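So the structure is just underneath, and the comments pick up after that.
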Amino acid sequence: MPRALVIGAGVAGPAAAMFLQRAGWDVHVYEAEAEPDPYEGLFLNVATNGLSVLAELGIRDRLLTDAHRASRMVMRSGTGRELGAVPNGPAGDPERGSVIVRRGRLHTVIREAAEATGVPVTFGARLVSIDETSAGVRATFSDGAVAEGDILIGADGIGSATRRYIDPGAPRPRYSGLVGTGGFARVAGLAATPDTQYFVFGARSFFGYLVREDGEVYWFANMTAPQPERGSLRDVPSADWLTRLRDLHSDDPFPVPQILQNVQGDIGAYPIFDLSGVGSWSRGRVVAIGDAVHATSPSSGQGASLALEDAITLAKCVRDLPDRAAAFAEYQRQRQPRAEAVVRYARRIDGQKRVTKSRIGIAIRDWMMPKFLAKASEDTRNDWLYNHRIPWEEPVQAGRP
Ligand SMILES: Cc1cc2nc3c(=O)[nH]c(=O)nc-3n(C[C@H](O)[C@H](O)[C@H](O)COP(=O)(O)OP(=O)(O)OC[C@H]3O[C@@H](n4cnc5c(N)ncnc54)[C@H](O)[C@@H]3O)c2cc1C
């Protein structure tokens, strides 16, 4: 049986492992972190298209047992006025809307499903180098351990070591001009927001929140900031973030200041990067998927879903195209235009989130936006994001749409 080494147990890695196993491969996943972290990464949007890949894996319903369906996104001005709404899923079909889940929960559901089908996952295995011979590929890890296989799949995220091996000259991730923070809260008396996530164009920072049925608030803020020094945000104590956020949002409408007065637990903070224009997604026996080769800012709500789409597409190409180079090339051909269109889409939204201090700019935005968002339920312009389907059974034919 051919053997695949998968690097990274985030979203793409274990999903690719399960699909490849179905295609007749022996697969082993290697993860740099010492152990799973159920809290990791706050929360994210798993979009309709990503949910359909999870359905192919038979784990969609498991994820939905602890998810907030948010088929609508409502925009508010800095004065609290509703500017309009956009669907977070196919227009006019709230039942197929996207969901918000804790990132750690998404990782756990996918990884546990992989382990349950017999895919081993080794933690504390940080890939440091890759060597290829005509007979196979060897991965060396930071503790000196080695693993050998027929192919290596890099699902190692935006800082990918695999990408550096494939294409040392690949573009670097690009800073968006925004720092993301977020966390959880409980505000006495704040009503649940079924099906809805709210976004507020705050006076000095962009804010988003939802309230689950049990009253738990998921919130985030995107503040406009120069690019932080690498790793520097990790050392900032939550109390310092809280002080800064309360100040930034003190003039914003209810319930933004109230949420920030009632934060529970730590605050996560990340500089927001994206990545596009990676010329080659494979080299020899090595191929990369997910954020390793294209990363969208969280504004699209699509990063995890694109990673899942990559996983199924790569496995189908490997299953149906016996020539390895042809399979990897077909996978890139099918995926890159869509992934990079999503990156561009998110960049446009990031532009709206960056704070404008111009009163005229704010007035124009608050006047124009309701005209654009008037008929959210009929707004089909983003259906291309959500209606993308990749049926496992449908065979791949190189060069076909
Ligand atoms: C703050 C924030 C908010 C986000 N919000 C959303 C959202 O709302 N919706 C959405 O769809 N996406 C969102 N994303 C993006 C989403 O998390 C990613 O697009 C998605 O996780 C990509 O999956 P992946 O498997 O490619 O990478 P990851 O999930 O990043 O997984 C990569 C894994 O590889 C491991 N790894 C890295 N290097 C090595 C190595 N050398 N050896 C071994 N293992 C290694 C890492 O530890 C990690 O576990 C958000 C991201 C951030 C940071």
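Only a predicted model underlies this, so the values are computations on that prediction, with no experimental measurement involved.
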Report the distance from atom CG of L314 to atom CD1 of I312, rounding to the nearest 0.5 Å.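 Answer rounded to 0.5 Å: 11.0 Å.
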What distance separates E56 CD from F19 CZ, expressed to the nearest 0.5 Å?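 Here the rounded value is 6.0 Å.
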Tell me, with the steps shown, if R204 and T224 meet side-chain hydrogen bond (donor to acceptor under 3.5 Å, both in side chains). CA-CA 8 Å; R204 293 184 292 282; T224 308; over 6 Å; no
Under 4.0 Å between a Lys/Arg side-chain N and an Asp/Glu carboxylate O for [X] and [Y]?
X    : Y    : result
R62  : E112 : yes
R69  : D195 : no
R344 : E340 : no

Are any non-hydrogen side-chain atoms of [X] and [Y] less than 4.5 angstrom apart?
X    : Y    : result
S176 : Q227 : no
D131 : T140 : yes
R335 : I390 : yes
P194 : E213 : yes
V119 : V29  : yes
H107 : V11  : yes
R105 : T65  : yes

Can any side-chain N or O of [X] pair as donor or acceptor with the backbone N or O of [Y] at less than 3.5 Å?
X    : Y    : value
N262 : Q258 : yes
Q336 : V278 : yes
R283 : Y165 : yes
R72  : T196 : no
S305 : A47  : yes
T108 : G104 : yes
T243 : A239 : yes
R174 : F273 : no
D320 : V396 : yes
E31  : A9   : yes

Would you please say whether a donor-acceptor pair under 3.5 Å links the side chains of [X] and [Y]?
X    : Y    : result
T117 : Q21  : yes
S297 : D274 : no
T162 : D156 : yes

Where [X] and [Y] come nearest, the two heavy atoms and their spacing:
X    : Y    : value
S276 : V343 : CB-CG1, 4.2 Å
D214 : E216 : OD1-N, 2.9 Å
T181 : M223 : CG2-CE, 4.0 Å
L385 : R338 : O-NH2, 2.8 Å
A16  : I289 : CB-CD1, 3.7 Å
P255 : R76  : CD-NH1, 4.5 Å

Give the ring-plane orientation class for F184 versus Y218, where under 30° counts as parallel, over 60° as perpendicular and anything between as tilted.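 Rings of F184 and Y218: perpendicular, over 60°.
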Is W392 atom CH2 crowded by more than 12 heavy atoms from other residues, nucleotides or ligands, each under 6.0 Å away?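 Yes, enclosed.
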Check whether more than 12 heavy atoms from other residues, nucleotides or ligands sit under 6.0 Å from atom CZ of R138, and answer yes or no.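 Open: at most 12 neighbouring heavy atoms sit under 6.0 Å from CZ of R138.
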Picking from W219, Y198, F43, what satisfies ring-ring contact (aromatic ring centres under 6.0 Å, His included) with Y209?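 Among the candidates, only Y198 passes.
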Is the [X]-[Y] ring centre distance short of 6.0 angstrom?
X    : Y    : value
Y386 : H388 : no
F199 : F207 : no
F206 : F201 : yes

How far apart are the C-alpha atoms of H294 and D310, what are their side-chain angles, what is the distance that settles it, and do they pass the side-chain hydrogen bond (donor to acceptor under 3.5 Å, both in side chains) test? CA-CA 10 Å; H294 54 73; D310 283 2; 2.6 Å; yes
Just jot down the side-chain contact (heavy atoms from CB on, under 4.5 Å) partners of A295, sequence neighbours excluded, or say none.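 Partners of A295 under the side-chain contact (heavy atoms from CB on, under 4.5 Å) test: I158, L275, D291.
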Intermediate values then yes/no, side-chain hydrogen bond (donor to acceptor under 3.5 Å, both in side chains), N49 and Q302: CA-CA 9 Å; N49 46 309; Q302 283 283 343; 2.8 Å; yes
By the definition side chain to side chain contact (heavy atoms under 4.5 Å, CB included), identify the one residue from D150, I153, L152, L5 that meets it with R285.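 Exactly one option meets the side chain to side chain contact (heavy atoms under 4.5 Å, CB included) with R285, and it is D150.
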